[in-house]
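Heads up: the structure comes next, in structure tokens.
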Amino acid sequence: MSQSARHSASPSPAVSRLGGDALHDPVIDWFGEHARDLPWRRPDAGAWSVMVSEFMLQQTPVVRVLPVHQEWLARWPRPADLAAESPGEAVRAWGRLGYPRRALRLHAAATAIAAQHGGEVPRDHAQLLALPGVGEYTAAAVASFAYGQRHIVLDTNVRRVFARAVSGTAYPPNATTAAERRTAQALLPADEAVAARWAAATMELGALVCTARSPECGRCPIAAHCAWRLAGSPAHDGPPRRGQSYAGTDRQVRGRLLAVLRASAGPVPQAALDAVWHEPVQRARALDGLVEDGLVEPLADGVYRLPA
DNA sequence: CAAACGTGGGT
DNA sequence: TACCCAAGTTT
């Protein structure tokens with residue numbers, strides 16, 4: 001029987017026509033041949049390695065994560081090791097991965113794991129979700145990749161694969177919808193181990209073949225079933241895909257300020273921070289924001305440092 | 001729910 | 001040169 005019958009009252013027409021069974025084997029077989037050998041996927045990689053990678057990979061490409069992930073695991077092999085450090089050291093070691101609040105949240109998550117979970121990354125999806133910086137995607141990813149559980153894992157790659165293969169659109173909606181969750185649930189293999197493999201395989205397919213810019217359909221194991229291809233690969237029609245501005249924004253100023261703090265072993269005088277941006281109002285607002293977020297700690301006399 | 005939140009490489 | 005995009009989460 002189809003998995004959809006058990007978990008979805010009425011699968012969408014597209015899912016019924018496609019049927020998960022037609023897709024599982026080709027995608028999983030393709031994964032077996034083409035999966036990248038990533039550190040957090042190796043047999044000896046523990047849940048902590050997976051969790052660190054998931055935090056780092058939130059909006060940051062794999063190639064830039066690789067060296068930093070290796071450093072972190074060597075330096076802090078268990079959650080308690082990171083928890084024993086100051087949050088500022090986590091922010092410093094985060095380097096230029098971007099979105100440094102992730103470093104703070106990962107440190108906070110490690111602290112919670114050490115204090116409330118006996119130092120072990122929790123297996124339970126709800127407990128994972130309760131950790132700082134862990135949202136719907138990351139909770140499912142850790143439960144699935146680290147512990148082999150059966151969860152829908154909806155990242156941008158999987159959403160794009162399903163948008164094309166199932167819905168026949170060039171791109172998924174801007175935000176994850178209930179319809180996407182239904183589709184993913186209907187396609188999720190019944191067997192736990194197969195489901196976990198499927199999650200990793202669909203993600204890898206999106207990352208390597210069914211890419212955003214120029215998909216290589218000639219290498220796609222399910223091209224023959226793809227609704228988007230069958231419809232003639234129509235261009236994206238909906239509202240413009242949301243872009244991110246950066247130049248001149250507070251984000252850019254925050255980035256410069258934090259770069260100075262990261263580069264300094266000790267506290268930094270106001271003057272060194274003032275040098276990174278000409279406009280005093282925006283500069284002050286950005287610094288206040290960093291303090292507000294806990295990324296920067298003000299000391300007396302206009303001196304600042306990463307949080308101790 | 002839209003907007004904020006870094007950084008860098010590809011086209 | 002601009003703009004797009006990258007294993008999202010939080011408010």
Would you say the side chain of A/R251 and the base of B/dT7 hold a donor-acceptor pair, judged only by whether the two atoms sit under 3.5 Å apart?
-> no

Please determine, for the side chain of A/R96, which listed nucleotide (C/dC5, C/dA7, B/dT7) has the closest atom?
-> B/dT7

A/T138 side-chain proximity, nearest of B/dT7, C/dT9, C/dA7 | C/dT9

Taking for A/P100 and for A/S214 the nucleotide of DNA chain B with the nearest heavy atom, the one nearer the 5' end belongs to A/P100

Could you tell me whether A/L106 contacts a base, only the sugar-phosphate backbone, or nothing, with contacts defined as non-hydrogen atoms closer than 4.0 Å?
-> nothing

Nearest-Å distance once atom P is located in both C/dA7 and B/dA4 | 23 Å

From CG of A/L104 across to P of C/dT9 the rounded distance in Å is 17 Å

Nearest to the side chain of A/Y171, which nucleotide is it out of C/dC5, B/dG6, C/dA7?
-> C/dC5

Using a cut-off of 4.0 Å on non-hydrogen atoms, how would the nucleic acid contact of A/E136 be classed: base, sugar-phosphate, or nothing?
-> sugar-phosphate

Side chain of A/R160 only, please: which of C/dA6, B/dC5, C/dT10 is the nearest?
-> C/dA6

Using the C1' atoms only, state how far C/dT11 lies from B/dT7, rounded to an integer number of Å.
-> 23 Å

Roughly how far apart, to the nearest Å, are B/dC1 and C/dA6 at atom C1'?
-> 23 Å

Would you indicate what A/L97 reaches in the nucleic acid, counting non-hydrogen atoms under 4.0 angstrom: base, sugar-phosphate, or nothing?
-> base

Contact class for A/R285 vs. all strands (heavy atom < 4.0 Å): base, sugar-phosphate, or nothing?
-> nothing

If the plane angle is over 60° it's perpendicular, under 30° parallel, otherwise tilted; pick one for A/W40 and A/H69.
-> perpendicular

Would you indicate what A/T60 reaches in the nucleic acid, counting non-hydrogen atoms under 4.0 angstrom: base, sugar-phosphate, or nothing?
-> base

Separation of A/R159 atom CZ from C/dT9 atom P, in whole Å?
-> 11 Å

If you pin A/P61 and A/R105 to their nearest nucleotides in DNA chain C, which one's is more 5'?
-> A/P61

Could you state the atom-to-atom distance from CD of A/E54 to C1' of C/dG8 in whole Å?
-> 10 Å

So A/R160 and A/T211, side chain to side chain donor-acceptor pair (under 3.5 Å) or not? Walk me through it.
-> CA-CA 8 Å; A/R160 188 174 53 249; A/T211 59; over 6 Å; no

Closer than 4.0 Å, any side-chain N/O of A/R254 to the OP1 or OP2 of B/dG6?
-> yes

Want to settle it: does A/G95 or A/R213 sit nearer the 5' end of DNA chain B, counting the closest nucleotide to each?
-> A/G95

Is any side-chain N or O of A/Y246 closer than 4.0 Å to OP1 or OP2 of B/dT7?
-> yes

What is the distance, rounded to the nearest whole Å, between atom CD of A/Q58 and atom C1' of B/dG6?
-> 13 Å

Just checking, is any N or O donor in the side chain of A/Y137 or A/Q58 under 3.5 Å from an acceptor N or O on the other one?
-> no

Distance, rounded to the nearest Å, where A/W94 contributes CH2 and B/dT7 contributes P | 12 Å

Scan A/V134 against the nucleic acid and name what it touches under 4.0 Å (heavy atoms): base, sugar-phosphate only, or nothing.
-> sugar-phosphate

Does the side chain of A/S49 come under 3.5 Å of the side chain of A/R42 through a donor N or O and an acceptor N or O?
-> no

Take atom CZ of A/R78 as the centre, draw a 6.0 Å sphere, and report whether it contains more than 12 heavy atoms from other residues, nucleotides or ligands.
-> no

Does the pair A/E136 and A/R181 meet the rule for a salt bridge (charged side-chain N to carboxylate O under 4.0 Å, His left out), with working shown?
-> CA-CA 11 Å; A/E136 176 185 351; A/R181 294 190 187 90; 2.9 Å; yes

Value in whole Å for how far the P atom of C/dT10 lies from CG of A/L131 = 10 Å

Side-chain contact check for A/A212: nearest option of C/dA6, B/dC5, B/dG6 is C/dA6

Shared hydrophobic cluster, A/L205 / A/Y171 (ILVMFWY, side-chain heavy atoms < 4.5 Å) = no

To the nearest angstrom, the CG-P distance between A/D293 and C/dT10 comes to 13 Å

A/G98 near the nucleic acid: base, sugar-phosphate alone, or nothing, with a heavy-atom cut-off under 4.0 Å?
-> base

Nucleotide B/dA4, atom P - distance to CZ of A/R101 in whole Å | 11 Å

